[in-house]
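These notes are about the structure you will find just below.
The model shown is predicted, which means the values in this text are computed figures rather than measured ones.
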Amino acid sequence: MAIWIGEDAKLLIQGITGSQGSFHGEKMIEYGTDVVGGVTPGKGGQTIELAGETIAVYNTMVEAIEATDADASVIYVPPRFAAAAIMEAADAFDRLKGEGVVVCITEGIPTLDMVKAVAFVDERSGIRLIGPNCPGIITPGENGGSKIGIMPGHIHAKGRIGVISKSGTLTYEAVAQTMSISEGQSTCIGIGGDPVNGTGFIDCLEAFEADPQTVAVVLIGEIGGTAEEDAAAWAADNMNKPIVGFVAGSSAPPGKRMGHAGAIISGGKGTAAEKFAAFEAAGIHIARDPSEIGEVLRQALTEAGQIGRAHV
């Protein structure tokens with residue numbers, strides 16, 4: 001089943017006529033994603049050729065959803081317009097369908113803009129926002145699947161391991177590690193590392209716990225904030241499936257921002273040591289180095305009685 005995005009998701013690309021939207025649109029179509037249209041204000045009525053397909057462009061999300069019955073959108077627009085694009089998508093899906101998934105790839109969105117956008121989405125219970133500043137979400141299928149974002153599709157394979165990560169590149173490493181022990185993925189989600197975003201670790205863990213395809217989860221955190229500690233506390237009380245946890249940034253100097261806006265240790269809080277300690281207290285299997293994720297996952301699956309069982 002996977003989570004939130006099925007293999008047959010119908011996708012709109014907001015900013016499809018821009019360089020990033022068109023480039024990654026081609027990659028998503030080549031992977032097997034059903035891209036049913038795009039949205040660029042002022043260019044409605046035009047078409048764009050992507051990966052041998054003719055894709056219609058609409059002026060608004062309302063027009064696009066009405067014409068295509070899409071159930072997801074991905075946003076490739078400049079930072080100053082991205083929060084407005086999120087709210088437009090959330091409002092359109094909510095009014096027309098009552099549900100929808102909005103994935104925002106854009107980085108550098110002003111924090112106050114995101115505070116407003118997240119509050120707007122939170123008022124619409126059927127809308128799922130993933131990102132911003134994230135690689136997106138992918139549900140691999142037997143032949144292709146649904147890839148929404150910038151993840152390299154060829155590294156994924158359908159399977160039974162859920163992957164959640166703040167880091168884009170470490171998402172790919174986690175996927176490679178699952179493949180190294182002959183395990184594929186149910187769904188991979190890059191939640192982004194900004195301090196204000198839509199979907200968090202607990203949202204993902206709750207969904208994976210309820211997903212019959214997923215038998216274990218790899219969780220990649222990083223220094224800064226308390227999201228990892230909160231997720232560990234939630235997992236200790238609610239999660240029956242094994243989790244493998246890794247925290248990036250162990251060697252980061254205190255007070256220095258490391259890439260992601262949320263990846264900063266402040267006031268002695270948010271260190272990797274604190275997060276690993278929370279994982280250990282919650283019974284999460286710990287990988288101290290990304291290269292160890294595969295073997296730690298194998299051990300976790302063995303302890304859970306999952307090694308040797310037929311894969312999905």
Side-chain angles (χ1 to χ4, degrees), residues 2 4-61 63-65 67-79 81-82 85-86 88-89 92-93 100-109 129-158 163 165 168-169 171-173 175-176 179 184-185 187-190 192:
W4 298 329
I5 292 295
E7 296 176 32
D8 57 351
K10 291 188 285 187
L11 179 67
L12 295 170
I13 301 175
Q14 292 173 257
I16 192 169
T17 56
S19 60
Q20 294 299 311
S22 59
F23 175 83
H24 289 291
E26 288 211 336
K27 300 302 179 185
M28 289 185 281
I29 292 170
E30 289 169 358
Y31 183 74
T33 308
D34 186 11
V35 175
V36 295
V39 175
T40 299
K43 295 190 177 181
Q46 299 182 17
T47 60
I48 183 171
E49 296 293 322
L50 296 178
E53 296 189 13
T54 301
I55 308 296
V57 181
Y58 302 90
N59 283 316
T60 69
M61 281 295 292
E63 292 175 5
I65 295 170
T68 65
D69 195 35
D71 46 33
S73 74
V74 62
I75 296 171
Y76 297 96
V77 303
F81 305 123
I86 290 170
E88 181 190 358
F93 279 127
V101 175
V102 181
V103 180
C104 185
I105 307 303
T106 307
E107 65 177 314
I109 302 173
L129 170 62
I130 298 172
N133 190 13
C134 76
I137 179 171
I138 183 168
T139 291
E142 294 294 349
N143 295 295
S146 287
K147 178 173 95 83
I148 302 179
I150 61 175
M151 295 175 176
H154 69 276
I155 69 172
H156 296 81
K158 183 175 182 177
V163 178
S165 178
T169 50
T171 305
Y172 316 150
E173 176 63 22
V175 167
M179 300 290 277
Q185 308 86 47
T187 299
C188 299
I189 309 150

So, applying side-chain contact (heavy atoms from CB on, under 4.5 Å) with Ile13, which one of Val35, Val36, Ile148 is it?
Val35
Quick one: closest heavy-atom pair of Lys43 and Asn59, and the distance?
N-OD1, 3.2 Å
Closest non-hydrogen atoms of Ala157 and Pro140, given as atom of the first, atom of the second and distance, are C-CB, 3.6 Å
List the atom of Cys188, the atom of Met151, and the distance in Å for their closest heavy-atom pair.
O-CE, 3.7 Å
Take atom CD of Glu30 as the centre, draw a 6.0 Å sphere, and report whether it contains more than 12 heavy atoms from other residues, nucleotides or ligands.
yes
Could you grab the distance from atom CD1 of Ile55 to atom CD1 of Ile48, nearest 0.5 Å is fine?
8.5 Å
Tell me, do Thr68 and Lys10 make a side-chain contact under 4.5 Å, heavy atoms counted?
no
Atom pair CD1 (Ile109) and CD1 (Ile86), whose distance is rounded to the nearest 0.5 Å:
5.0 Å
When every non-hydrogen atom of Tyr172 is compared with those of Ile155, the smallest separation belongs to CB-CD1, 3.7 Å
Mind listing the closest non-hydrogen atom pair of Tyr76 and Gly149 along with its distance?
OH-O, 3.1 Å
Which pair of heavy atoms, one from Lys147 and one from Thr33, lies closest together, and at what distance?
N-OG1, 2.8 Å
Contacts of Asp8 meeting salt bridge (charged side-chain N to carboxylate O under 4.0 Å, His left out) (sequence neighbours excluded), chain-then-number -> none
Quick one: list whatever passes side-chain hydrogen bond (donor to acceptor under 3.5 Å, both in side chains) with Ser146, sequence neighbours left out.
none
Please check this pair: side chain of Thr47 against backbone of Thr54, looking for a donor-acceptor N/O pair closer than 3.5 Å.
no
Has the side chain of Thr187 got a donor or acceptor atom that lies under 3.5 Å from a matching backbone atom of Ala2?
no
Is there side-chain contact between Ile16 and Val39, with heavy atoms separated by less than 4.5 Å?
no
Are the side chain of Glu26 and the backbone N or O of Ala51 linked by a donor-acceptor pair below 3.5 Å?
yes
Distance check, rounded to the nearest 0.5 Å: Ile138 atom CD1 versus Ile189 atom CD1?
11.5 Å
For the CD1 atom of Ile65 and the OH atom of Tyr58, what is their distance to the nearest 0.5 Å?
11.5 Å
Enter the distance from His156:NE2 to His154:NE2 here, rounded to the nearest 0.5 Å.
9.5 Å
Side chain to side chain, Val74 and Ile105, heavy atoms closer than 4.5 Å:
yes
To the closest 0.5 Å, what do you measure between CD (Gln14) and OG1 (Thr60)?
10.0 Å
